[in-house]
Amino acid sequence: MSFAAYKMMQWPTGVDNCASGYLTHSRSDFTPRIPSLQPDDDLDSDWVPQPPDLAPVPNLVITAANILEVYIVRLQLDPPKSSSDSRVLDGIAGASLELVCHYRLHGNVESVAVLSIGGGDASRRRDSIILTFKDAKISVLEYDDSIHGLRTSSLHCFEGPEWLHLKRGREQFARGPVAKVDPQGRCGGVLVYDLQMIILKTTQAGSGLVGEDDVSGSGGAVAARIDSSYMINLRDLDMRHVKDFTFVHGYIEPVMVILHERELTWAGRVSWKNHTCTISALSISTTLKQHPLIWSAVNLPHDAYKLLAVPSPIGGVLVIGANTIHYHSQSASCALALNSYAVSLDNSQEMPRSSFNVELDAANATWLVNDVALLSTKTGELLLLTLIYDGRVVQRLDLSKSKASVLSSGITTIGNSMFFLASRLGDSMLVQFSCGSGVSMSSSSLKEEVGDYDVDASSAKRLRRSPSDALQDMVSGEELSLYGSAPNRTESAQKSFSFAVRDSLINVGPLKDFSYGLRINADANATGIAKQSNYELVCCSGHGKNGSLCVLRQSIRPEVITEVLETADLLSEVTESVDYYIQGKTLAAGNLFGRRRVIQVYERGARILDGSFMTQDVSFGASNSESNYGSESALALSVSIADPYVLLRMSDGSVRLLVGDPSTCTISVTSPASFEGSKGSVSSCTLYHDKGPEPWLRKTSTDAWLSTGVGEAIDGTDGAVQDHGDVYCVVCYENGNLEIFDVPNFSCVFSVENFLSGKSHLVDALTKEVPKDSQKGDKVSDGAVSQGRKDALNMKVVELAMQRWSGKHSRPFLFGILSDGTILCYHAYLYENPDGTSKVEDSISAGSNTSVSRLRNLRFVRVPLDVHAREETSNASPCQQINIFKNIGSHEGFFLLGSRPAWVMVLRERLRVHPQLCDGSIVAFTVLHNVNCNHGLIYVTSQGVLKICQLPSGSNYDCYWPVQKVPLKATPHQVTYYAEKNLYPIIVSFPVPKPLNQVITLVDPDANHLTENQNLNSDEQNRFYTIEEFEVRIMEPEKSGGPWQTKATIPMQSSENALTVRMVTLMNTSSKENETLLAVGTAYVQGEDVAARGRILLFSLGKNTDNPQALVSEVYSKELKGAISAMASLQGHLLVASGPKIILHKWTGTELNGVAFFDVPPLHVVSLNIIFYYAPKMSESWKGQKLLSRAEFHVGAHVTKFLRLQMLSTSDRTGSGPGSDKTNRFALLFGTLDGSIGCIAPLDEITFRRLQSLQKKLVDAVPHVAGLNPRAFRLFHSNGKAHRPGPDSIVDCELLCHYEMLQLEEQLEIAHQVGTTRSQILSNLNDLSLGTSFL
């Protein structure tokens, strides 16, 4: 394996950082709901008055390792009639997160801050995002309306030779750069290299690094920007160990408070040296670059670790420690002890105690209102900290318990009624809170306090998929009010809060271990690539009460209800008894006239049927227009139906429109005049029906208020008053240009030149302004043109589709499929150009029909599709591949037909692609909803098998791979698979509280209890400590998508940790038979004074599954010196790692006898991103003593497990000769702690050299988000140790996947520079995808 490709298959899901800010809109943007334009409807009926305090809600920014996502919070306002319903909080019935943009960066985000410009709620300015990366990179991003995405506004880097002195000789730092921002937005601060503070000064309006011309380009909305930066060396201010810093509220100049430790202490010195921390407040003058100290506080406890700035009008700062919380401002201070470990400075004065004990190390905090902070503890509890204050003087702090929740990695308040709990260990949650005065609340609400709002997988899924009412049912049980429990609080300060979980983002990390097993509904007869969808990955993920098993499957396998070979009894064939046309192939069938008629279109004509009787038969040949002189021979090739219109594309490149008349239920054939000119023949076309109470495309036209669609014309014929919306026709010509016409007038409302080149943005050709990204596509050298034209000449758009799925805020998607199988996917957005382009419009419309209203504010942004593998299209007439569905198992999206079928689901306005491998090529697909098959589907395979199916329930499709979560409520550590009985033995641990005297006997059984107990007072004897207890659970999946059952549990002894569980096959030397046994290796954890011991346990899994006790029986147990950390079976023997020894045992049926051993020098884990090989002949290997590196690559995540899987053959593709394919190749699948899954796959040298040259080109050719360099990210990090660089033998598919997103001209140019062709590169990438589709 000399050459390899690194490929991500599932991206990180564990959220590290979260922040909120006004990125896509400003504080002053208030969009009232536009009532639907219904002339005869009462306008007030649909108008919902906004609650008075419902300001615009800020965006949510989250990062997960190298993933950056921006969301918009969509509130669902309930009509006032049901406002008495208890599930509605503050007039809000629900809220959901909708994706604005998603980026995969070339670097892991260390911290996130939102730079906001002051100016109150009326401000038109927007916020920017500050991202920091190791070692000292800072990127500032702002949202640009014109490209509907993020744009870098400034980059700041403090690395490299000229900044080497900042490290002061150190190479490793405990954490990456930390960014914080002044609340009024005057400056930001970034702490790098632990002691260097970088001050980022923000621009005052109208100046800055970005020129004036860009201000107009971003739609008049100016975002906060950085003007300049300078550095403060905190060492010069006599600071040694900086723990945290923040900016405080209420000063004229920005004031930074820094928490630092003068001299370090340690556990053994705490009783003498405890109060070692200090806070210092510096006034930052960015113009003078001065930072005088204005106040400080000393003698804070050594375990203080976090600062929280108190909002105005109170001001000041909270210092959070493990056992205490302190408040400090320039004028006042107070403290609160959280447990009995809190030590006051001089023992004379006693600190106020909270009413319950809690430890606050590793907590996260945010402000709900200006005097109540929400703390999330390391056990997942939520606490409310209230500041009791008078004027600006805080008198005391009060802590009260709230609900239990997810173990959080960060928390942020979104607006005035939401907060977001980010989590690496469980699902992240969006929670709504409502604050009322506590006086009026009924006492019954106190009884509810014990409830949790852990969102387990099933309820979270119900929450995501259900309509609002079912969501309400689920959330109603999870609301709660809470009081402060201190009796001496004043009436005015008493506040109560109620909470409701509104949405959650699924997380499968941290993946500690996984096992590769068979699915329940596996097909034993499958072969080739279809066989891969028999498998699933069962992963140990989460921690503590968020611990779960995640069942991951890369491909969807629908649950078959009926399988029809030819015909069957359930679906009786009725072809003989009806008036359908059966003499040739049917192109399409659909409903017309509000489902009163059926239309059937065949190659030479169309029939209208009422039930089974034909009411009209139309032939296409008899068109009455003279220009179509050769039209008798023209056949229909493709059909698009949008009631009451039917669009046909004919074989001679012309277009026909069948127009229905709803009053008579008949159709007539017309040839649109716009196509009879010299525009060339049409390569594909489709109709788009812009439905809904608010047709979306109307908003993009110049006179949005005046435009009236087809709705009024159709009104009243059958008494229906609903607005039918507008119908548009999207056409692509052979030359690659795209136009959108309104129907039935066929006046052009939007046109784009060269649609098939796949530009990043589509803008109406009449608009002068060109997006900044697309200007460089013109510089293409001549050599590439001649070569590329050969490829491009025969390329055309063979299929178009445009669709807007349900949802009040949804926007249309536009899809185009090229003849080489490329799928272009665009998402529409609205952008009003501030300078206006009416001059162009006037000149155009003067000569033509003046009633044409261009969709001038319509734009499209290209969206990458994680398509599993591209379709190899043949030259035969292509069938329609995109099949849109509105509700299959309450999901919507489209199904992609062909040899690589896939489901594309629309969730949160993002497209999730899930392949379907199980049946090979699929040629037909439609939805089916009846009694036997609720919201299901029918599809036909290329072998002619018809299947009636439903989408697997229980899976969550809003993830990179479909995932099913099985909650364990304990921490899973290791999983193994027993294939014969389809069982999964799992090691889990859970905390058990034990009294102190029991803990002491666990650690030291021989301790003299009399002397011990004299030292302990009664309070300490009764205190409980939590000890992790281990057990092995044997679990079985009941049915596909259903709950899992625990078949048996094997408890460990107290203080015994199970370290490894494996299914082993041992040769019984007595009976000479192989036995499959469950092996468990354990270790006793009793502190450093007791010699390490461990046990080997062997169990047989019996035949009797009814009686769970009889399922598992222990056949052997033995205690050894040293921990048993790993086991494996080797040719019928058992290999055991026991402490520093590896021992080989043979099994007699009753005994394990050692037959060989090997003493290992103590090893430490090597960096997980190197492949080693053994080469004793090489001088660097010290005669084979050292392994040499074969390839090195920085993964950027902690890899926990490698699994070796055989790669699939890709020789079923056309054009590869027999035997050319390398079948005996293996790839490594790996899982990481941030929830991502990837693989390392071998490449042959020619492919590797080609892709490596391409990769070097792409480093410069692709504009990288946040200015990051992919080469620097993937370099091996030696952390300052002497390291001889290894060979560069791994290509990065994360960078290579950008190739398909470039414009066609750039793709051809780069391929020409590399010395290959575009089709060759795409074929190599395709083979890699196919070869690694393991699941």
Side-chain angles (χ1 to χ4, degrees), residues 1-11 508 511-520 522-524 526-541 549-557 866 868-869 900 914-918 960-963 974-979 982 984 1062-1063 1065 1128-1129 1168-1169 1171-1172 1190-1191 1193 1195 1197 1199-1212 1221-1232 1235-1244 1247-1248 1289-1291 1293-1294 1324-1335:
M1 183 168 156
S2 297
F3 304 108
Y6 167 90
K7 180 174 166 45
M8 290 304 291
M9 303 176 110
Q10 158 151 319
W11 285 266
V508 298
L511 295 175
K512 295 182 188 154
D513 188 30
F514 55 77
S515 190
Y516 190 68
L518 274 176
R519 300 191 195 183
I520 293 284
D523 173 16
T527 57
I529 205 158
K531 187 178 175 185
Q532 295 307 307
S533 67
N534 284 346
Y535 298 99
E536 62 191 8
L537 216 54
V538 176
C539 311
C540 295
S541 72
L549 279 185
C550 284
V551 186
L552 291 166
R553 308 168 174 111
Q554 193 176 358
S555 59
I556 290 181
R557 188 182 192 99
D866 294 321
H868 154 73
R900 309 266 174 258
H914 302 305
Q916 177 174 321
L917 309 174
C918 55
Y960 303 100
W961 285 3
V963 56
Q974 210 177 56
V975 60
T976 187
Y977 177 57
Y978 182 33
N982 203 29
Y984 287 93
R1062 285 286 174 259
M1063 296 302 306
T1065 305
S1129 52
L1168 282 167
N1169 46 15
I1171 302 156
F1172 292 103
R1190 209 62 195 273
F1193 189 85
V1195 175
V1199 177
T1200 51
K1201 162 99 180 214
F1202 280 114
L1203 177 68
R1204 187 166 167 265
L1205 292 173
Q1206 183 158 8
M1207 285 181 70
L1208 282 103
S1209 161
T1210 53
S1211 58
D1212 59 337
D1221 203 63
K1222 303 168 188 60
T1223 48
N1224 192 21
R1225 295 185 306 162
F1226 288 82
L1228 289 175
L1229 194 71
F1230 62 82
T1232 72
S1236 58
I1237 295 172
C1239 75
I1240 298 171
L1243 292 176
D1244 57 273
T1247 308
F1248 171 77
S1289 313
I1290 297 187
V1291 290
C1293 289
E1294 287 296 275
N1324 288 152
L1325 294 174
N1326 198 28
D1327 284 354
L1328 197 59
S1329 289
L1330 283 178
T1332 55
S1333 43
F1334 299 119
L1335 297 157

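One is the number of the first residue; the rest follow in order along the sequence. Note that this is a predicted model, so its numbers are computed, not measured.
- Ring-plane geometry between Phe3 and Phe1248 is classed as parallel, the angle between the planes falling under 30 degrees on a 0 to 90 degree scale with a further cut at 60.
- Partners of Arg519 by side-chain hydrogen bond (donor to acceptor under 3.5 Å, both in side chains), not counting sequence neighbours, listed by chain and number: Ser555.
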Does the side chain to side chain contact (heavy atoms under 4.5 Å, CB included) test come out yes or no for Val508 and Ile1237, once each step is laid out? CA-CA 10 Å; Val508 298; Ile1237 295 172; 5.9 Å; no

Show the numbers, then the answer: is there a side chain to side chain contact (heavy atoms under 4.5 Å, CB included) between Leu552 and Gln554? CA-CA 7 Å; Leu552 291 166; Gln554 193 176 358; over 6 Å; no

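- Using a 30° and 60° split on the angle between ring planes, Phe1193 and Tyr6 fall in the tilted class, from 30° to 60°.
- Taking Lys512 as the reference, nothing meets the salt bridge (charged side-chain N to carboxylate O under 4.0 Å, His left out) condition, with sequence neighbours excluded.
- Legend: residues meeting side chain to side chain contact (heavy atoms under 4.5 Å, CB included) with Ile556, ordered by chain and number and at least two apart, are Pro558, Trp903, Met905, His914, Leu951, Pro952, Tyr957, Pro962.
- Partners of Tyr984 according to the ring pair (Phe, Tyr, Trp, His ring centres under 6.0 Å) rule, which considers only residues two or more places apart in sequence or in another chain, are Tyr977, Trp1044.
- Rounding to the nearest 0.5 angstrom, the gap separating the OG1 atom in Thr1247 from the CG atom in Asp1244 is 3.5 Å.
- The structure places CG of Leu1208 at 9.0 Å from CG of Leu917, a figure rounded to the nearest 0.5 Å.
- Summarising the geometry, atom CZ belonging to Phe1226 is positioned 16.0 Å from atom CD1 belonging to Ile1240; distances are rounded to the nearest 0.5 Å.
- A search for side chain to side chain contact (heavy atoms under 4.5 Å, CB included) contacts involving Lys7 returns Cys1239, Cys1293, Leu1328, Ser1329, Thr1332, not counting sequence neighbours.
- Considering CD of Glu1294 and CE of Met8, their distance stands at 6.0 Å, rounded to 0.5 Å.
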Side chain to side chain contact (heavy atoms under 4.5 Å, CB included), that's the test. Do Arg1204 and Leu1229 meet it? Break it down for me. CA-CA 6 Å; Arg1204 187 166 167 265; Leu1229 194 71; over 6 Å; no

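- Judged by distance alone, with hydrogens and angles left aside, the side-chain atoms of Trp961 form a donor-acceptor pair with the main-chain N or O of Met9 at under 3.5 Å.
- Applying the side-chain hydrogen bond (donor to acceptor under 3.5 Å, both in side chains) criterion to Ser1236, with sequence neighbours excluded, gives Thr1232, Asp1234.
- Counting heavy atoms from C-beta outward, Val551 and Arg553 have side chains that approach closer than 4.5 Å.
- The main-chain N or O of Val975 is found under 3.5 Å from a side-chain atom of Asp513 such that the two form a donor-acceptor pair.
- How far NZ of Lys531 is from CG of Asp523: 11.0 Å, rounded to the nearest 0.5 Å.
- Within a 6.0 Å sphere centred on NZ of Lys1201, other residues, nucleotides and ligands contribute more than 12 heavy atoms.
- Of the possible donor and acceptor atoms, one in the side chain of Thr1200 sits under 3.5 Å from a partner among the backbone N and O of Leu511.
- Here Met1063 contributes atom CE and Ser515 contributes atom OG; the two are 10.5 Å apart, rounded to the nearest 0.5 Å.
- The backbone N or O of Ser533 lies less than 3.5 Å from a partner atom in the side chain of Arg557, making a donor-acceptor pair.
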Evaluation steps, side chain to side chain contact (heavy atoms under 4.5 Å, CB included), between Leu1203 and Phe514: CA-CA 9 Å; Leu1203 177 68; Phe514 55 77; 3.6 Å; yes

Do Tyr535 and Phe1334 pass the ring-ring contact (aromatic ring centres under 6.0 Å, His included) test, and can you show the C-alpha distance, the side-chain angles, and the key distance before you say yes or no? CA-CA 8 Å; Tyr535 298 99; Phe1334 299 119; 9.9 Å; no

